[in-house]
J.: 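One structure, as structure tokens, below. Some questions next.
All heavy atoms count here, side chains included; hydrogens, waters and symmetry mates do not. Chain letters run A, B, ... following the sequence lines, proteins first, then strands; residues in each count from 1.
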Amino acid sequence: MASILRHHASTSAIRPLRPSICSRSSLRSRGYVTATPTTHAGDESHHPQDGSLEDFPAEPDDSESPPPPPSSHSLPAEWARRVHERKRRRNLVAMFQDMGSTQTRETTFQAFHTLNRAVSPSELTISALMAAGAHMGHSRVRTRPAFLPYVYGRRANMDIIDMDQTLAMLRRAASFLTMLTEKGGSVLWVGTDVDGVKKAARKASERVGKYSYHIADRWIPGIFTNAGSLLGTEIMNGDYLPDAAVFLNPRPNLGALRECNVAMVPTIGIVDSDTDPRIVTYAIPANDESVRTVELIAGVLSVAAREGVRRADLEQARAEQMEGQMEQAAAAMERDSIV
Amino acid sequence: PASPNFFSAREAYYAILYEMEDLLKLVNRRLEEAAVLPPPKDIARSIRMARPAWLSVMEFREVLNFRMGVAMRKRLIAVLDELASLTGVAQYAGMVDLYQGVSARIAGFGRLKNETSAGSRQQYAKLDQYGRSYGHGARKTSTARVWMIATDPTLPTARPFEPPIPISPPPSSGPLLTTTILVNSMPLATYFTQVYDREMIIRPLRVTGLLGAFNIFALVQGGGTTGQADAVANGLARAIMGHAPQMKGVLSQAGLLHRDPRVVERKKTGRAKAREGYTWVKR
């Protein structure tokens, strides 16, 4: 394992000069409407911004449109004063934003980036894994003997997981998922017990989109083996099982893993040093107790699965185009032969 | 399978839950960008008090057509409460479109009232066809059933009601109204000879200032004198709630709505009584 101890540099951020939560450019890029900043600090006129219509789409940033008419139900004085003060402060910040540090909220690492900004398997680095704390295992007392091949060493009485192997195995699992979804397979993402893990499972499933399912909260026992009574008998006619299951924390879901084995569904799982890596088909040795690690790995796997879906769609589009061309050629030939 | 929540075996529930969570995020964002959050304390309090009554577990099961657990409902209600409070903020702030849109969506899960419900969840007994309210009280091993009827239905203390069966008007008793109390068909003074017991029974009426406004009929059984008196008082307080629910604060502060849970402690082995031990012998 390369001795990269500079992982702290990617996470520690120099505090920006001003909080950039409400910088005009950042808000606009996210589709929010911002009040036009004024040069006067004491701006008296403001209009309460109405929400938008039926589907609540994000309003386009058209600050040139006329302000909405003042509603009949006006704010109480104290509240109106506070709203005005907040807007004034935001405008002030927006005014000076560009003169401040170049390190802003956009450019520095934020806690939600591991969940929302997923990286692809080829872009993932060992330093990113270590920054998320993926290398931290348990004490030797808790380490399973079957996990020892993946342990790099010991530090402060804690086993350190070998990140070289982790990265390789993660990439292998990712390429498996890509091939699976390229052939039209479905993936089930399982994340239970911890809020962050549940969110990661749901986010991963949404990122892949098509043919992707997730279980947050609880694996109902028998969902594979007793599907007829739990999910309805009509689904037994079709092929309802997913083609792969990704367990973001396999240790509390041993029953689920057993069901997957019985149903012959290949499994991918993040195994920590206190778990036997043989319970899953494709093990990813990493720290499953760190929410950031789980988010990172779920993000990588979901990006890989999404890539497979993208390739499949591309292939299908190409095939349809070819078919269309061939039909045209055949029709042309027929016309020629008739003539 | 079409839905991403298919393997959770609770598709309908998660569909609604996630929809509500996303709506909550959206409303939060809109209110943040309008700078109206957080609202001042008094407005926040009045919004919180106007929390609507959501559907019960049974009603949810009928609506969603599958078995929903109490914990599942609790999680959904937490999100709905948050949505309701933000909707209240939007309403106060004049963001009419947002308020109406979100209210329309969450209205299906409960009644969105504007008046303060003030935590009055208990269904108080209605008046029956003769205008009587009923209360049940207990103390130690005594149980009491108490019926109350207004001495003069025209008084404001009597809750107005429409009798389906026409009742003859009560005899006008003059300027001074008196409460007649019958316990097990006997006058109060005959049944409860001790002044202390009689005062215990009248205490709910004294505390609420309703002496003379109601006539009371009670059936009590079990236990001894004091237990029966306290049981009648407890039942009487609950019967008052049927006629005058606004007295809840006064009565509960006086402790009259509380059913005293103290009972005689059982005797234990190795002891003479519940606590008393046998005489200690040195050898």
J.: Side chain from CB out, backbone as N, CA, C, O: work out which of these in A/A227 comes under 4.5 Å of a heavy atom of chain B, or both, or neither.
T.: neither

J.: Answer with side chain, backbone, both or neither: which region of B/Y18 has an atom nearer than 4.5 Å to a non-hydrogen atom of chain A?
T.: both

J.: Indicate yes or no for a side-chain donor-acceptor contact from A/T181 to the backbone of A/A305 under 3.5 Å, with no hydrogens or angles considered.
T.: yes

J.: Okay, side chain of A/T281, backbone of A/P266: is any donor-acceptor separation there less than 3.5 Å?
T.: no

J.: Assign the ring pair B/F214 / B/H243 to parallel, tilted or perpendicular, where the plane angle (0 to 90°) is split at 30° and 60°.
T.: tilted

J.: Under a 4.5 Å heavy-atom cut-off, does chain A meet the side chain of B/R10, its backbone, both or neither?
T.: side chain

J.: So what's closer than 4.5 Å to chain A heavy atoms on B/D22: side chain, backbone, both or neither?
T.: side chain

J.: Using a cut-off of under 4.5 Å for heavy-atom pairs, which of A/S205, A/S186, A/P242, A/S212 has the most such pairs with chain B?
T.: A/P242

J.: Keeping B/R238 on the side-chain end and B/L257 on the backbone end, is there a donor-acceptor pair under 3.5 Å?
T.: yes

J.: Can you say whether B/L37 sits under 4.5 Å from chain A via the side chain, the backbone, both, or neither, judging by heavy atoms?
T.: backbone

J.: Check whether the ring centres of A/F224 and A/W219 lie less than 6.0 Å apart, and answer yes or no.
T.: yes

J.: Between B/E59 (side chain only) and B/S56 (backbone N and O only), is there a donor and an acceptor less than 3.5 Å apart?
T.: yes

J.: Which of the residues B/S3, B/P40, B/P39, B/A90 is involved in the greatest number of heavy-atom pairs with chain A at under 4.5 angstrom?
T.: B/P40

